[in-house]
J.: 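This is the structure, below, for whatever I ask next.
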Amino acid sequence: MTAPRIALLAALLGAAPAFGQSASRAHKSEFYLSPVFTDGKSYSFDGGSTATTDTGNGLTFGYAYNFDQHKSLGVEFVWGEQDYRATVQPGVGNGNASATINGTLETWTVRFLGTYHFLEGNFTPYVTGGLGWTYLDTNIPAGLPENVCWAYPWYGAYCATYVPTETTTKFSYNVGLGLRLDAGKGVFRFLVNQQWMDFGGSYGSDYVTQYRIDFGVKF
């Protein structure tokens with residue numbers, strides 16, 4: 001049994017004593033915190049370069065407002081990281097050998113999303129979808145080290161060495177299907193989510209599959 005499934009089962013068992021309580025979500029806000037697990041994937045690019053990511057992990061912080069028992073709108077902030085291995089082929093006319101790069105890909109996503117709950121009761125399947133932007137940091141050096149300084153009101157100046165890295169920001173969107181349990185003020189959800197990113201150029205868009213467990217509270 002995978003880690004997401006074990007965590008979901010523990011959440012449902014822990015919430016069982018409160019299952020019979022009234023747990024209306026209509027006209028209520030909710031905050032939630034979610035561990036995220038991202039499947040590894042292989043990529044191929046023009047020119048023969050390839051990359052493979054390992055299973056990643058991350059964290060989601062979200063807010064939503066429930067207009068009634070079925071519909072809600074919200075915003076999410078998502079951080080994640082995955083280790084990767086890439087083989088970079090030289091460009092046309094470049095006689096150098098291919099290069100192998102090992103690193104960690106970090107992503108930060110902000111998305112605005114809508115959710116529809118199929119049932120009015122405490123336990124219901126739901127579907128969700130959103131639009132936003134994803135910032136990617138390959139942690140590959142993009143220049144020489146630089147000295148940067150910050151000024152703090154009580155501490156004074158603080159300086160450190162910073163190495164610029166290859167980064168980009170892309171439009172992203174997602175669609176997910178999950179199960180939700182309302183237990184008193186508690187919110188427990190399990191979600192299978194696919195997130196697409198539009199890389200543009202000849203590569204176009206691609207997606208990753210994510211598994212998420214939400215622990216939240218209504219107010």
Side-chain angles (χ1 to χ4, degrees), residues 2-7 33-62 75-113 129-150 158-176 191-214:
T2 63
R5 293 177 181 174
I6 294 173
L33 191 66
S34 320
V36 182
F37 305 91
T38 302
D39 275 349
K41 193 171 182 177
S42 296
Y43 302 85
S44 297
F45 306 95
D46 287 347
S49 295
T50 59
T52 301
T53 58
D54 295 335
T55 299
N57 56 76
L59 196 64
T60 296
F61 176 76
V75 59
E76 293 179 343
F77 302 91
V78 188
W79 165 83
E81 67 174 17
Q82 290 180 276
D83 292 335
Y84 68 87
R85 298 169 301 282
T87 300
V88 181
Q89 300 294 339
V92 177
N94 187 335
N96 292 330
S98 60
T100 300
I101 300 174
N102 296 313
T104 300
L105 176 68
E106 294 185 84
T107 61
W108 291 264
T109 298
V110 57
R111 68 169 68 105
F112 300 91
L113 69 160
L131 303 171
W133 299 269
T134 297
Y135 173 83
L136 300 95
D137 187 348
T138 64
N139 284 301
I140 298 174
L144 297 175
E146 302 175 3
N147 291 323
V148 294
C149 296
W150 298 267
Y158 172 77
C159 297
T161 300
Y162 164 75
V163 179
T165 55
E166 294 289 350
T167 63
T168 186
T169 300
K170 298 297 183 181
F171 172 72
S172 60
Y173 51 99
N174 75 293
V175 175
L191 175 69
V192 179
N193 181 64
Q194 285 195 335
Q195 175 171 299
W196 283 262
M197 283 177 285
D198 185 6
F199 292 97
S202 61
Y203 192 81
S205 62
D206 208 338
Y207 70 91
V208 292
T209 301
Q210 299 174 320
Y211 304 90
R212 202 177 85 192
I213 307 160
D214 298 354

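Computed from a prediction, not measured in an experiment: that's the story for all the values here.
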J.: Return the CZ to CZ distance between Phe61 and Phe77, rounded to the nearest 0.5 Å.
T.: 8.0 Å
J.: Looking at residues at least two apart in the chain, or sitting in another chain, which of them share a ring-ring contact (aromatic ring centres under 6.0 Å, His included) with Tyr173?
T.: Phe171, Trp196
J.: Are Val208 and Asp39 close enough, and set up right, to give a side chain to side chain contact (heavy atoms under 4.5 Å, CB included), and what steps lead you there?
T.: CA-CA 7 Å; Val208 292; Asp39 275 349; over 6 Å; no
J.: Using the test salt bridge (charged side-chain N to carboxylate O under 4.0 Å, His left out), find all partners of Glu81 that sit at least two apart in sequence or belong to another chain.
T.: none
J.: Quick one: NZ on Lys170 to CE on Met197, what's the gap to the nearest 0.5 Å?
T.: 10.5 Å
J.: Looking at Tyr207, does the NZ or CZ of Lys41 lie under 6.0 angstrom from its six-membered ring centre and within 45 degrees of the ring axis?
T.: yes
J.: Going through the checks in order, is the side chain to side chain contact (heavy atoms under 4.5 Å, CB included) test met by Val163 and Glu146?
T.: CA-CA 6 Å; Val163 179; Glu146 302 175 3; over 6 Å; no
J.: I'd like to know if the side chain of Asp137 pairs up with that of Thr165 as donor and acceptor (distance under 3.5 Å, no hydrogens or angles considered).
T.: yes
J.: Heavy atoms only: give me the nearest Ala142-Glu166 pair and the separation to one decimal.
T.: CB-OE2, 3.5 Å
J.: Please name all residues satisfying side-chain hydrogen bond (donor to acceptor under 3.5 Å, both in side chains) with Gln194, sequence neighbours left out, ordered by chain then number.
T.: Thr209
J.: Residues in side-chain hydrogen bond (donor to acceptor under 3.5 Å, both in side chains) with Asn57, at least two apart?
T.: none
J.: Do Asp198 and Ser205 have side-chain atoms, one donor and one acceptor, less than 3.5 Å apart?
T.: no
J.: Checking the side chain of Ser49 only, and the main-chain atoms of Gln89 only, is there a donor and an acceptor separated by less than 3.5 Å?
T.: yes
J.: Are side-chain heavy atoms of Leu59 and Leu33 found at a separation under 4.5 Å?
T.: yes
J.: Compare every heavy atom of Thr53 with every heavy atom of Tyr84, then report the nearest pair and how far apart it is.
T.: CB-CG2, 4.0 Å
J.: Can you name the closest pair of heavy atoms from Pro164 and Leu144 and give their distance?
T.: CD-O, 3.4 Å
J.: Under 4.5 Å between any side-chain heavy atoms of Leu105 and Leu136, yes or no?
T.: yes
J.: Minimum heavy-atom separation for Thr52 to Ser42, with atom names?
T.: OG1-OG, 3.5 Å
J.: Quick one, Thr109 with Trp133, criterion side chain to side chain contact (heavy atoms under 4.5 Å, CB included). Give me CA distance, side-chain angles, the key distance, then yes/no.
T.: CA-CA 6 Å; Thr109 298; Trp133 299 269; over 6 Å; no
J.: Find the distance between CZ (Phe37) and OH (Tyr211) and round it off to the nearest 0.5 Å.
T.: 11.5 Å
J.: Would a 4.5 Å heavy-atom cut-off, applied to side chains only, mark Glu76 and Val110 as touching?
T.: no
J.: Can a donor-acceptor pair be found between the side chains of Asn193 and Gln210 at a distance below 3.5 Å?
T.: yes
J.: So among Thr107, Thr134, Val78, Leu131, which one has a side chain to side chain contact (heavy atoms under 4.5 Å, CB included) with Ser172?
T.: Thr134
J.: Does some side-chain heavy atom of Gln82 sit less than 4.5 Å from a side-chain heavy atom of Glu106?
T.: no
J.: Restricting to salt bridge (charged side-chain N to carboxylate O under 4.0 Å, His left out), what partner residues turn up for Asp54, sequence neighbours left out?
T.: Arg85
J.: Taking side-chain hydrogen bond (donor to acceptor under 3.5 Å, both in side chains) as the definition, give me every residue that meets it alongside Thr50, ordered by chain and number, with sequence neighbours left out.
T.: none
J.: Answer yes or no: is there a donor N or O on one side and an acceptor on the other, between the side chain of Asn139 and the main chain of Thr104, under 3.5 Å?
T.: yes
